[in-house]
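What follows is a short report on a single structure.
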Protein chains: 4
Amino acid sequence: MSSQPVEDAAPVGRVQRKRGRRVQEILSTAAELFGERGYDAVSLDDVAERLDVTKGSLYYYFPGKDELAVAAIETLGADWTGRLERLAATAEGPPHERLRALIREHVAIAVGEYPAALRLFLVPSTWPDDPRERIKELRRRHDQVFRGVLEEGLASGEFAVTGLETTLQCMHAAMAQAPLWCGGLESDARERALDELADTLVKLVAAAQ
Amino acid sequence: MSSQPVEDAAPVGRVQRKRGRRVQEILSTAAELFGERGYDAVSLDDVAERLDVTKGSLYYYFPGKDELAVAAIETLGADWTGRLERLAATAEGPPHERLRALIREHVAIAVGEYPAALRLFLVPSTWPDDPRERIKELRRRHDQVFRGVLEEGLASGEFAVTGLETTLQCMHAAMAQAPLWCGGLESDARERALDELADTLVKLVAAAQ
Amino acid sequence: MSSQPVEDAAPVGRVQRKRGRRVQEILSTAAELFGERGYDAVSLDDVAERLDVTKGSLYYYFPGKDELAVAAIETLGADWTGRLERLAATAEGPPHERLRALIREHVAIAVGEYPAALRLFLVPSTWPDDPRERIKELRRRHDQVFRGVLEEGLASGEFAVTGLETTLQCMHAAMAQAPLWCGGLESDARERALDELADTLVKLVAAAQ
Amino acid sequence: MSSQPVEDAAPVGRVQRKRGRRVQEILSTAAELFGERGYDAVSLDDVAERLDVTKGSLYYYFPGKDELAVAAIETLGADWTGRLERLAATAEGPPHERLRALIREHVAIAVGEYPAALRLFLVPSTWPDDPRERIKELRRRHDQVFRGVLEEGLASGEFAVTGLETTLQCMHAAMAQAPLWCGGLESDARERALDELADTLVKLVAAAQ
DNA sequence: GATGAATGAGTTTTCATTCAT
DNA sequence: GATGAATGAAAACTCATTCAT
C-alpha cells in the first residue's frame, strides 16, 4: 500500500519500533478501560480520549473494537501470566508457602497495576465471541500455574481438597473480587487485607490435621 | 401486590391483580435477561421480544430502563433473600450443617431459577448509579444471612476464620461464579458439583483441629 | 470532545476555519428552521435533511438539540443586534427619523433574512430552559437599542409616551408579527407595508401637538 | 346500544346534558393547556391527567388531538368573541372611549380567564392545518369587532391611521403579548399596566390635532 | 501516520391512536 | 361511558466504522 523503497533489510527499523511503542500505549490504556468497565461500557471515544488521539487513529492500528479488546487482553495476559509463571518456577519453600506467594502476587498485580482488570477473569458473557475465547484462554493459563502448585501439594500430602477443579474455581473467584474490597484501602490496610485473603484461601487446601 | 387473605378494605380489584401479574411477568423476564447479560447488553427490545410485546408496552409499566432494572433486581432479591432468611431461621443442627445448607440453597436458587443472576452479586460498575445501589443493598441483605450463621459458629468455637469480612467475601465470590461451571452440567453431575462446592467453602471456616 | 460552536480567537488554522464554516452553515440552517417553526416542531432530522447530511453529523458538532438551538439563536442574535446597534450609532437626524429607520431595519432583517425568526422575540414557554434564557437575553439586547432612541426623544421633548416599558413592549410585539402579514407580499407591496408599519408604530411616541 | 325506554321524546335528555357538561370540562382544560404551551408541547396525557381521566376517555368524546384542539379553540373563541361583541354593541360614548373599553376587556379576559390563551392569536405555524384555520377564523372575528369601532372613528374623523390593516395588526400583536408582562403583576399593578396598555394603543389611532 | 468528518444502524424514549372489556 | 393495555411510528441520542486528505 505505501512505498518504502529499501525496507526488507531491516525487519525491525526505527519506524517499526515506534509503531510498537504506540501500540503498547494503546493496548495498556485499552486494557485499563476494558478492565474497569467491561466491553460494552467502553467506547472507542473513551479509549481515544484517554490517549489524547482521535478515534480514527485507533483504526490505523486495529481493525476494530473486538480486535483491540482481544489484543489488550492478550498483552495484559502475557505480562501477567509470565510473572506468575516465573514466581512459581523460582519460589522456594513448601507448597503451602508457594501457594500463598502466588495468591498474593496475583492479587497484587491486579490491584496495583491493572486496576479492576481481574474482572476479566469472570463475567464472560457480555463480551463478543472472539474476545471471550481469549479471556477463557488467559484464564486457563493462570489456572495452570495454580493447578501446578496444588497438584504438588496434593501429591506430597500437604494439601487436601474436596475437588481440585472446584477449589481452583473458588480461589479464582475470590481473587477476582479482591480489588473490589481492597482497591479503596490505604496501602497499610490493603497489605493486611491481602494477607488475610491469602490466609483465608489457603484454608481451602488445608489438610485436616 | 402481595396477597393477604381478608383484604377488601384495600381496593385491590381484579384489574389491580391482573396488572400485578403482568408486572411480575415483565420483572421476571427482565431479571433473567439482566442477570444473564448485564445492564448494557440488554436492550428494551430484547426484553419486549422475549415477552412478545412491543417496547412501548414496557413504558406503560415502567418509566424507563433504569427503573425496570431496579424493579427487577428488587423483586428477584426479595424472593431470594426471603427464602434464605426462612431457611436460616428454621434450619436445625450445628452451624456447620446450617452453613452448608445455606450455601446449597443459595446456589441452587441461582442455578435453577435465576440462571446467571448471581452475577448481580458481583460486577457493580457497569450499572447506572441507581440500580447499582440496589444491587449493593441486595447483597448486604444476603450477606446478613450468612454473617449470622458465621457469627454463631465463631461464638460457639466451632468455626475459626482469619477474618470475618474476608471469609464472607470469598464465599460470595465463589458462589457467584458457581453457575458458570455448574450451569451446563446434567442434573446428577450438577448435584455432585454443588455438594463439592459446599464442602469446599465450608473449609473456609473450619476450626483447626 | 467535539462541538465548540463558538470559536475562540487564536489558533485558527485552515482546519479550524473549515470547521467554523461548517458550523455556520449548520447554525444558519437551524436558526431558519427554529425561527420558522419553533423548538418542538423542528426535528434534528429536519435540520439534517435541509443540510443534506445525516442526523449523526449534527452530533459531531453539537452535543444535543438544546445546544444546537442555543447556538443558533446566539449566532442569529449576534448578527442581528450588531446591525441594529451600528445603525443606531450612525443614523442621523431627529430621534423620530432614527426610530423609523430602526424599525424598518429590524423588520427588514426579519422578513428578508431570517424569515419568521422574529417569532423568537415572543413565545417563551415552549422552549427548554436554557434556550429560553438565551432568547430573553437576545431580546434584552434588542430592547436596549430601541430604548436608547426612545429615551433620547423623550429627553428632547420630541417624544411623549404613556409608559416607556409598555411602549417598548407594544413595538416589539407588533414588529414580531410583521413577517406574518408582510412575508407573503411582493417586494413593492412589502416595502409599502413596512413603511406603513413604521409610520404606525412611530405614532406610539408622538408628542401631542 | 343501551336501553332507556321512553327517551325519544326529549332530544336533549339528562344524558345529553351530562355529556355536554363533560365535554365542556374537557374543552376548557384543553384550551388552558394549548393556550399555555402550544400544540406540540401538550400531550393528550397532559390533558387527561389534569382532568383526572384516562387518555382513552378523551377519544370517546373526540376523534383525535386535532379535533380536540379545534373544539377547544372554538369554544373559547365563542365565549370570548361573544363578550366583546356585546360590549361593542352596548358601549356608549365616543369611539375613542369604546375602543379603550374593548382593549381593556379583551386583555382582561385573556389575563384573567384564559391565561396565556391570547397566544393563540399569534404563532399559527406550528399548528396542524385544521386548527390553524380555526385560529385564523377566530382571529378574524375578533378583528371584526375592533375594525368596526375603528371604522366608525375614522368615519367621524375622530381617528386617523396610516393604514387600517396595519393598525389592527399592531393592536392585536401588542394585546397578545400583554399577559406575558402583566400576568405576574399584583392586581393593583396589573390594573395600572392594563390602563397604560390601553392608553398606549389608543395613540395608534390618534388624529393629529 | 493521523485526523476530522460523516455515516448508518441501533437504543432509549415519547405519544397519538386503537381496542377489548 | 370509561379504562387499562398495547401498538407503532417517530424523535433524540450513541457509537462502531469508513474514508478523504
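Below, chains carry the letters A, B, ... as their sequence lines are ordered, and counting in each starts from 1.
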Completion exercise
Contacts of Tyr39(A) meeting ring pair (Phe, Tyr, Trp, His ring centres under 6.0 Å) (sequence neighbours excluded), chain-then-number -> Phe34(A), Trp127(A)

Problem - Integer-rounded Å distance: dT3(E) P and Leu58(A) CG - result: 9 Å

Exercise for the section: Take the protein atom CZ of Arg21(A) and the nucleotide atom P of dG1(E), then report the distance between them rounded to whole Å. Expected result: 11 Å

Practice task
Give, ordered by number, those residues of residues 40-56 of chain D having at least one heavy-atom distance below 4.0 Å to an atom of DNA chain E; if nothing qualifies, reply none.
Solution key: Val42(D), Ser43(D), Leu44(D), Lys55(D)

Problem - Whole-Å gap separating P (dT21(F)) and CZ (Arg17(C)) - result: 18 Å

Exercise for the section: Decide yes or no for Pro131(B) and Asp66(B): does some side-chain heavy atom of the first lie under 4.5 Å from some side-chain heavy atom of the second? Expected result: yes

Exercise for the section: Give a yes/no on whether any side-chain N or O of Ser57(B) is located under 4.0 angstrom from OP1 or OP2 of dT7(F). Expected result: yes

Completion exercise
To the nearest angstrom, the OH-C1' distance between Tyr59(C) and dT14(F) comes to 9 Å

Handout entry: Approximate separation, where rounding is to 0.5 Å, of Asp46(C) CG and Arg50(C) CZ
Key = 8.5 Å

Exercise for the section: By nearest nucleotide on DNA chain F, pick out whichever of Lys18(D) and Lys65(A) is the more 5' one. Expected result: Lys18(D)

Fill in the blank from the handout: Judged by nearest nucleotide, the residue sitting upstream toward the 5' end of DNA chain E, Gly64(D) or Arg22(C), is Arg22(C)

Handout entry: Close side-chain approach of Val70(D) to Phe62(D), heavy-atom, < 4.5 Å
Key = no

Practice task
Rounded off to whole Å, could you give me the OH-to-P distance for the Tyr39(B) and dT11(E) pair?
Solution key: 13 Å

Problem - Distance, rounded to the nearest Å, where Phe62(C) contributes CZ and dT14(F) contributes P - result: 15 Å

Exercise for the section: Only stems of 3 or more consecutive Watson-Crick or G-U pairs count here, both distances under 3.5 Å; name the ones for DNA chain E, or none. Expected result: E:2-21 with F:2-21

Exercise for the section: For dG4(F), take OP1 and OP2 only and decide whether either is under 4.0 Å from a side-chain N or O of Arg19(B). Expected result: no

Exercise for the section: For the residue pair Leu44(D) and Tyr59(D), establish whether any side-chain heavy-atom pair is separated by less than 4.5 Å. Expected result: yes

Handout entry: Whole-Å distance separating the OH atom of Tyr60(A) from the C1' atom of dT21(F)
Key = 15 Å

Handout entry: From OG (Ser57(B)) to CG (Leu51(B)), nearest 0.5 Å
Key = 9.0 Å

Handout entry: Residues which pass salt bridge (charged side-chain N to carboxylate O under 4.0 Å, His left out) with Glu25(B), listed by chain and number, not counting sequence neighbours
Key = Arg22(B)

Completion exercise
Testing dA2(F), dA6(E), dA2(E) for proximity to the side chain of Tyr61(D), the answer is dA2(F)

Handout entry: With Lys65(D) via salt bridge (charged side-chain N to carboxylate O under 4.0 Å, His left out) - residues at least two apart
Key = none

Problem - Under the salt bridge (charged side-chain N to carboxylate O under 4.0 Å, His left out) test, residues paired with Asp40(D) that sit two or more places apart - result: none

